[in-house]
Amino acid sequence: MSETPAAFVSQGSGAGGGEAPEIGVGMLGYAFMGKAHANAYKTLQYMTWPPPLRPVLMTVAGRDQAAVADAAGRYGFAHSATDWHELVADERISLFDNTGPNNVHADATMAAARSGKHVLCEKPLGRTAEESYQMWECAVRAGVKHMCAFNYRFVPAVRLARSMIDADELGDIYHFRARYLQEWIIDPHFERVWRLDKTVAGSGALGDLGAHIVDLARFLVGEIDAVCGLTRTFIPERPGGEVDVDDAFEATVAFENGAVGTLEASRFCHGRKNALTFEINGSKGSVAFELERLNELQVHLVDSRPGWNAQGFRQVLVTEATHPFLEWWWPHGHIIGWEHTFVHEIHHLLQAIATGDDVRPYGADFEDGYRAAEVCDAILRSSQNGVREQLRYRTM
Ligand SMILES: NC(=O)c1ccc[n+]([C@@H]2O[C@H](COP(=O)([O-])OP(=O)(O)OC[C@H]3O[C@@H](n4cnc5c(N)ncnc54)[C@H](O)[C@@H]3O)[C@@H](O)[C@H]2O)c1
């Protein structure tokens, strides 16, 4: 990363692009994540210039014919389908993007990979480590590019934290402390949506929110070696049926490199909307991050000037043109948002497809999705048996 402060630059001039090759995209699901991904496919075509590939939105799949046709019109897909097999069979589609609920991740994504399509799948990759492993194995055997959509790796401030750790700016890492808190299911009258049904979701706050912070723990600090977990279901019965997943979890984690950490996620925290936070403490300094203030990274370095008489965290506004991803956006101080993480993420995947480069280490591939699932499963097992669980990762 350049040390030069960015000027108040014009972001409108192109790098000299010409025509980017096209790639046909088929997408399963068109609600929350479908909207976020569709927005990214369109936006990256003109904001990142030239794009590595130009996504052509071919077909979107869902279950309800009228609703999915409406979604196709809204998001700019040429066609709609009520059976995802149509996307798998369509040779014009080279990238299959799965934004469906967790129970439709495995079959559709693996079928697409087997038919030679590159695959992007939302997190958690599978509902269990076993299902996630099968998906990883299938994508590797198929020889396609595979990405698990851990989009928080693509927040500029998170990437800055990673580059500071890689450059040894924080020294030896001692602590990783992360929480992911929401409030939206506290009301006991709130119905049992698919996220509260184990058959569909696999787990509750753990797979939905916890998987993100497990991935960030691995991305920023390293592999997790052992966990102690505790899960709780506060409201086991809701309109619509039984809740058989966790409403919240707490875990302590030991990293292979000697660091220790705590992870926590819940959807029962009044006042917390989408409050993903983490802090990392190392021998030379600390960083802290809050998703709801995602343009900022709190930094404290022990050898910074003027030294001990002016101690404390400083707030780094991560919007310089030299900061990760900011070259595509606005002059410094003109902040970006949550939706831009998907632009960065999908750009990264298209770059890997176009160049043949690996999705790793900055993007999460299906091995990362599998490894996060192993950690989540171990937290569940530990909660059930009351014992510290040693991680055993499968290899290929
Ligand atoms: N990366 C993130 O920050 C993030 C955020 C939210 C959700 N997610 C993940 O994205 C996935 C989707 O979550 P969401 O919030 O968009 O869910 P959602 O309920 O808003 O949307 C799910 C979509 O899938 C469709 N669908 C449901 N069942 C289907 C089936 N059997 N066949 C075909 N289509 C089906 C629905 O019609 C809908 O369009 C989940 O795996 C979730 O964990 C990731």
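Counting starts at 1 for both ligands and their atoms, in listed order. Predicted model only: the values in this text are computed from it and were never measured.
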Is it true that His334 and Trp329 have ring centroids separated by less than 6.0 Å? no
Any idea which protein heavy atom is nearest atom 31 (N) of ligand 1, and the distance to it? Val104 CG1, 3.4 Å
Answer with yes or no whether the side chains of Asp225 and Gln390 bring together a donor and an acceptor at under 3.5 Å. yes
To the nearest 0.1 Å, how far is atom 40 (C) of ligand 1 from its closest protein heavy atom, and which atom is that? Asn102 OD1, 3.3 Å
With Arg162 as reference, evaluate Leu216, Val221, Leu220 under the side chain to side chain contact (heavy atoms under 4.5 Å, CB included) test and give the passing residue. Leu220
Suppose I only count heavy atoms of Asn151 and a 4.0 Å limit; which atoms of ligand 1 are within that range? 1 (N), 2 (C), 3 (O)
Neighbour count >12 (heavy atoms, 6.0 Å) for atom CZ, Arg381: yes
Which pairs count as salt bridge (Lys or Arg N to Asp or Glu O under 4.0 Å) when at least one residue sits in residues 20-33, sequence neighbours excluded? Glu22-Arg54
Do Asn281 and Arg177 meet the criterion of a side-chain donor-acceptor pair at a distance under 3.5 Å? yes
Nearest heavy atom to atom 26 (N) of ligand 1, choosing from Pro101, Gly100, Gly62, belongs to Pro101
Assert yes or no for the condition that the ring centre distance of Trp194 to Phe32 is strictly below 6.0 Å. no
Pairs flagged by salt bridge (Lys or Arg N to Asp or Glu O under 4.0 Å) wherever residues 245-257 is involved - sequence neighbours left out: none
How far is atom 32 (N) of ligand 1 from the closest protein heavy atom, and which atom is that? Arg63 CG, 3.7 Å
Are His347 and Trp328 close enough that their ring centers fall under 6.0 Å? yes
Protein contact to atom 23 (C) of ligand 1 [nearest heavy atom, distance to 0.1 Å]: Gly29 CA, 3.9 Å
Between His105, His118, His146, which is the residue that forms a ring-ring contact (aromatic ring centres under 6.0 Å, His included) with Phe366? His146
Check the pair Asn274 / Glu292 against side chain to side chain contact (heavy atoms under 4.5 Å, CB included), numbers first and verdict last. CA-CA 7 Å; Asn274 195 33; Glu292 288 169 344; 4.0 Å; yes
Residue portion contacting ligand 1 (non-hydrogen atoms closer than 4.0 Å) for Trp84: neither
Determine whether the side chain, the backbone, both or neither of Glu122 has a heavy atom under 4.0 Å from any heavy atom of ligand 1. side chain
Polar contact flag for Met33 and ligand 1 (N/O pairs, less than 3.5 Å): yes
So which bit of His105 gets within less than 4.0 Å of ligand 1, heavy atoms only: side chain, backbone, both or neither? side chain
Close approach, Pro124 and ligand 1, non-hydrogen under 4.0 angstrom: yes
Subset of ligand 1 atoms that lie under 4.0 Å from at least one heavy atom of His212: 1 (N), 2 (C), 3 (O)
Side chain, backbone, both or neither: Leu28 near ligand 1, heavy atoms under 4.0 Å: side chain
Residue, atom name and distance, where the atom is the protein heavy atom closest to atom 12 (C) of ligand 1: Thr99 O, 3.2 Å
Any nitrogen or oxygen of Ala31, main chain or side chain, under 3.5 Å from a nitrogen or oxygen of ligand 1? yes
Under 6.0 Å between ring centres: does that hold for Phe342 and His37? yes
Among non-hydrogen protein atoms, atom 9 (C) of ligand 1 lies closest to Lys123 O, 3.3 Å
Consider ligand 1: state whether an atom of it lies below 4.0 angstrom from any non-hydrogen atom of Trp194. yes
Please state whether Ala149 comes within less than 4.0 angstrom of ligand 1, counting heavy atoms only. yes
Do any nitrogen or oxygen atoms of Arg195 come within less than 3.5 Å of a nitrogen or oxygen of ligand 1? yes
Note the single closest protein heavy atom to atom 39 (O) of ligand 1, along with its residue, its atom name and the distance in Å. Tyr30 N, 2.9 Å
